[in-house]
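Before any comments, here is the structure.
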Protein chains: 2
Amino acid sequence: MVARATIEDVAREAEVAPSTVSLAFNDPERVRPATRARVLAAARKLNYRPSAIARRLVARRTDMLAVVVPNTRNPFFGKIFQGIDTEARRAGLDVMLFTTENDPDVERQRLEAVVRNRADGVILVGEHRKGPDPAADLLAELVAMGIQVVLVERQVPGIPSVWGQKREGCFQAVEHLIGLGHRRIAFIGGLLEQGGSYQRLEGYRRAMAAHGLEVRPEWVAEGGFSPAGGREAASRLLARHPELTAFVAANDLMAIGVLRALREAGRRVPEEASVVGFDDIPEAAFVVPALTTVDMPMERLGRRAMELMLRGLHGEGLDGVEEGLPTELRVRESTGPAPESGPTTGRGDG
Amino acid sequence: MVARATIEDVAREAEVAPSTVSLAFNDPERVRPATRARVLAAARKLNYRPSAIARRLVARRTDMLAVVVPNTRNPFFGKIFQGIDTEARRAGLDVMLFTTENDPDVERQRLEAVVRNRADGVILVGEHRKGPDPAADLLAELVAMGIQVVLVERQVPGIPSVWGQKREGCFQAVEHLIGLGHRRIAFIGGLLEQGGSYQRLEGYRRAMAAHGLEVRPEWVAEGGFSPAGGREAASRLLARHPELTAFVAANDLMAIGVLRALREAGRRVPEEASVVGFDDIPEAAFVVPALTTVDMPMERLGRRAMELMLRGLHGEGLDGVEEGLPTELRVRESTGPAPESGPTTGRGDG
DNA sequence: AGATAGGATCGAAACGTTTCGATAGGGGTG
DNA sequence: CACCCCTATCGAAACGTTTCGATCCTATCT
């Protein structure tokens with residue numbers, strides 16, 4: 001293990017002052033070409049790598065960002081991060097990533113780490129349980145400290161945020177089903193107390209209402225955001241409400257579980273029942289039947305969040321910036337005309 | 001934006017020396033309880049948060065790790081990172097995450113960033129193209145600088161590494177198929193030039209050979225590591241080699257694509273063809289038919305890598321540590337007895 | 001009561017940069 | 001030929017901690 005060369009070593013080797021070495025690297029115009037060449041040669045010879053740590057201490061900026069996500073095993077967050085990182089790299093920023101496993105206490109710890117590390121900004125991704133944001137006060141503190149905060153798929157008054165238009169997306173999905181003649185449509189959310197599920201549920205309710213369809217509470221079910229959760233919720237619904245002809249799931253993984261539940265119940269898709277998912281994960285188009293789904297622009301969410309972050313760091317005010325990015329319905333094989341058999345529409349509604 | 005309180009502000013407020021404040025935080029035993037209380041009160045009052053930056057400059061350690069992955073949209077890497085982060089949090093280390101998009105140049109930049117940031121160690125995840133590792137020399141440099149390097153799903157002589165036993169896993173999968181009577185088995189890899197695909201291919205070859213079965217080069221196909229890649233490769237194989245009765249795919253996403261290709265070709269699974277995937281992603285068990293697959297312990301890989309990292313940082317030598325973590329075959333619905341129809345075994349082999 | 005040991009606290013140096021005011025040359029102008 | 005201005009380079013301070021040797025105080029022992 002060799003002792004690392006410092007800027008002084010390079011200065012000595014190049015026979016200039018340390019400050020000149022610094023200049024040669026950071027403001028090449030201000031140094032004579034010959035001097036610069038000498039410095040670079042010395043640096044190469046000594047294998048010099050400037051210490052970002054030392055630079056950060058003296059500069060007021062760290063050129064370092066923090067991203068806080070619930071986890072990275074869910075590709076939903078992975079894609080968002082990918083978008084963030086792509087833009088961060090372009091901007092020359094280093095990124096620290098923290099996961100919280102959706103635990104508010106861990107989240108607080110992580111945000112504390114953000115300030116310990118003097119990150120220039122933090123992008124906080126993902127929803128919390130319903131109710132007031134448990135991190136709101138801490139976030140306000142960060143803002144007061146001059147740390148730029150941007151939220152993704154999460155909202156706190158006064159803090160800029162980006163999210164996918166889940167309500168609208170779900171509205172559209174349900175309208176698609178209604179257009180196909182479906183009247184008895186189930187909604188299967190993840191944790192309903194989470195904002196995201198709630199927004200989707202809202203979209204479902206509004207679409208039903210907009211077409212004069214009654215929403216029965218017993219048609220709304222809850223399951224984990226997983227295939228197992230979707231399957232279980234769908235099985236329960238199918239057992240108690242065989243009159244249902246369509247299912248809207250809060251994400252594609254759940255929808256895959258729903259497809260399986262239908263298969264196990266002997267209902268063919270799309271002939272005897274329709275299914276819509278959410279997210280458009282890569283396999284959605286390849287599952288049999290291919291899943292009709294609402295495309296969430298996850299990577300774009302990340303990129304957009306980063307753009308806002310950069311604007312904020314640049315000193316532009318981000319007051320009141322709250323952007324909903326549009327989703328898109330991808331119609332594939334898992335939705336079709338409502339079966340004509342079964343109880344009449346009138347009977348089903350009343 | 002309030003000026004941040006420094007250790008000196010706290011010292012003044014508590015009427016002690018800065019060094020005492022430091023002691024009160026980092027070595028509480030060495031300070032009188034009353035003093036400590038006074039310091040803590042002052043710190044709280046001033047909302048003091050120690051600067052990790054300044055600490056890093058003076059300490060020889062940064063308590064900061066870097067993780068380099070190809071991307072985070074693939075849950076494969078996401079899960080590995082999750083394992084890493086879980087252990088890192090427990091150890092109180094902060095983690096920087098860098099993505100490379102599998103570009104060797106970007107990878108080098110990222111590794112340069114690692115040394116700029118003076119990370120204590122770096123975990124490098126994921127494969128490169130076949131041939132000598134393009135980062136090998138740079139990695140050696142890092143090691144020489146005293147940066148602990150651990151590899152996951154990648155190997156460089158002299159650097160500790162962890163990986164899933166893909167060769168063995170694939171061997172087992174193929175034996176499973178052979179046990180079901182299959183003789184004409186296809187292998188569909190991702191980029192075959194990548195080590196991971198290559199290892200699986202090796203397992204396939206060995207299993208075939210172990211049972212006296214001929215491996216035909218035309219039964220081996222290549223596609224992207226995606227559902228689309230799997231489907232395409234399988235379609236091609238099916239068109240040219242209808243005699244094939246089983247397909248081993250390099251990951252589950254590809255396997256889902258293969259299932260679709262079979263469906264499109266009118267071959268029922270598992271009655272008329274069997275499919276095995278790799279990874280055991282959450283939806284594998286819920287797809288119809290549920291996918292037989294080889295479980296890769298991704299999160300464990302990450303955790304294990306972190307354990308090695310910690311041992312390394314602790315000064316334990318990691319010379320020659322190269323750990324293969326066992327995979328596990330999960331038999332589900334997509335594999336079944338080889339169809340009796342078709343050409344006889346003898347004819348198929350010769 | 002005086003010496004001493006030991007614990008608590010202090011002061012200063014060090015970590016490796018950036019930055020800013022100061023200085024030294026060098027060329028042009030009057 | 002003297003003066004001035006501009007550019008290239010320099011020197012020193014500052015960033016916020018930790019650490020280590022020095023100092024002070026108190027309690028104990030003789």
Side-chain angles (χ1 to χ4, degrees), chain A residues 2-40 42-43 46-64 94 113 115-120 145-146, chain B residues 2-40 42-43 46-64 94 113 115-120 145-146:
Chain A
V2 198
R4 269 188 261 262
T6 74
I7 204 172
E8 294 208 54
D9 299 325
V10 177
R12 205 173 307 122
E13 175 76 23
E15 297 183 309
V16 294
S19 48
T20 304
V21 176
S22 177
L23 247 33
F25 277 108
N26 304 316
D27 199 354
E29 309 298 313
R30 281 188 51 190
V31 103
R32 229 179 351 152
T35 311
R36 180 167 143 76
R38 203 144 33 91
V39 169
L40 293 186
L46 298 181
N47 199 18
Y48 168 69
R49 327 273 178 134
S51 160
I53 303 294
R55 178 204 306 263
R56 284 181 187 132
L57 183 57
V58 57
R60 47 231 151 289
R61 300 179 319 149
T62 56
D63 289 330
M64 198 169 51
D94 294 325
V115 2
R116 261 204 344 259
N117 281 287
R118 299 295 190 261
D120 292 336
M145 285 190 259
Chain B
V2 198
R4 269 188 261 259
T6 73
I7 203 171
E8 294 208 54
D9 300 325
V10 177
R12 204 173 308 122
E13 175 77 22
E15 298 182 310
V16 295
S19 47
T20 303
V21 176
S22 177
L23 248 32
F25 278 108
N26 304 317
D27 199 355
E29 310 299 313
R30 280 189 49 191
V31 103
R32 228 179 353 152
T35 311
R36 179 167 145 78
R38 205 144 34 92
V39 168
L40 293 186
L46 299 181
N47 199 18
Y48 168 69
R49 327 272 179 133
S51 161
I53 302 294
R55 179 205 304 264
R56 283 179 188 134
L57 184 57
V58 59
R60 46 235 153 285
R61 300 179 319 148
T62 56
D63 289 330
M64 199 169 52
D94 295 324
V115 0
R116 262 206 342 262
N117 280 287
R118 300 294 189 261
D120 292 336
M145 285 190 259

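Quick note on labels: first sequence line is chain A, next is B, and so on, each numbered from 1.
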request  = Taking the side chain as every heavy atom from C-beta outward, state whether A:Ile7 and A:Ser22 have any pair of such atoms under 4.5 Å apart.
outcome  = yes

request  = Look up atom CG in A:Asn47 and atom CG in A:Asp9, then write down how far apart they are to the nearest 0.5 Å.
outcome  = 12.0 Å

request  = Could you check whether A:Thr6 gets within reach of a base, just the sugar-phosphate, or nothing at all, counting any heavy atom under 4.0 Å?
outcome  = sugar-phosphate

key: Length of the line joining A:Met145:CE and D:dG16:C1', which is rounded to integer Å   = 16 Å

task = Using whole Å, report how far OH of A:Tyr48 lies from C1' of C:dT17.
result = 7 Å

inquiry  = Within the structure provided, determine whether B:Arg30 and B:Thr20 are in side-chain contact (heavy-atom separation under 4.5 Å).
reply    = no

inquiry  = Could you tell me if the side chain of A:Arg4 sits less than 4.5 Å from the side chain of A:Arg49, heavy atoms only?
reply    = no

Proximity to the side chain of B:Thr35 - top-ranked nucleotide from D:dG16, D:dA12, C:dA8 = C:dA8

ask   = Are A:Val16 and A:Val39 close enough that some pair of their side-chain heavy atoms sits under 4.5 Å apart?
value = yes

task = Would you kindly compare B:Ala59 and B:Val31 by the position of their nearest DNA chain C nucleotide and give the one closer to the 5′ end?
result = B:Val31

note = When rounded to whole Å, the CD to C1' distance for the pair B:Glu8 and C:dA12 reads 12 Å

message = Assuming nearest nucleotide by heavy-atom distance, tell me which of B:Ala17 and A:Val58 is located more 5' along DNA chain C.
response = B:Ala17

ask   = Axis-to-axis angle across the helix from C:dA1-D:dT30 to C:dG30-D:dC1, five pairs an end, to 10 degrees?
value = 60°

message = Testing B:Asp94, B:Asp63, B:Asp120 one by one against B:Arg56 for a salt bridge (charged side-chain N to carboxylate O under 4.0 Å, His left out), which residue passes?
response = B:Asp94

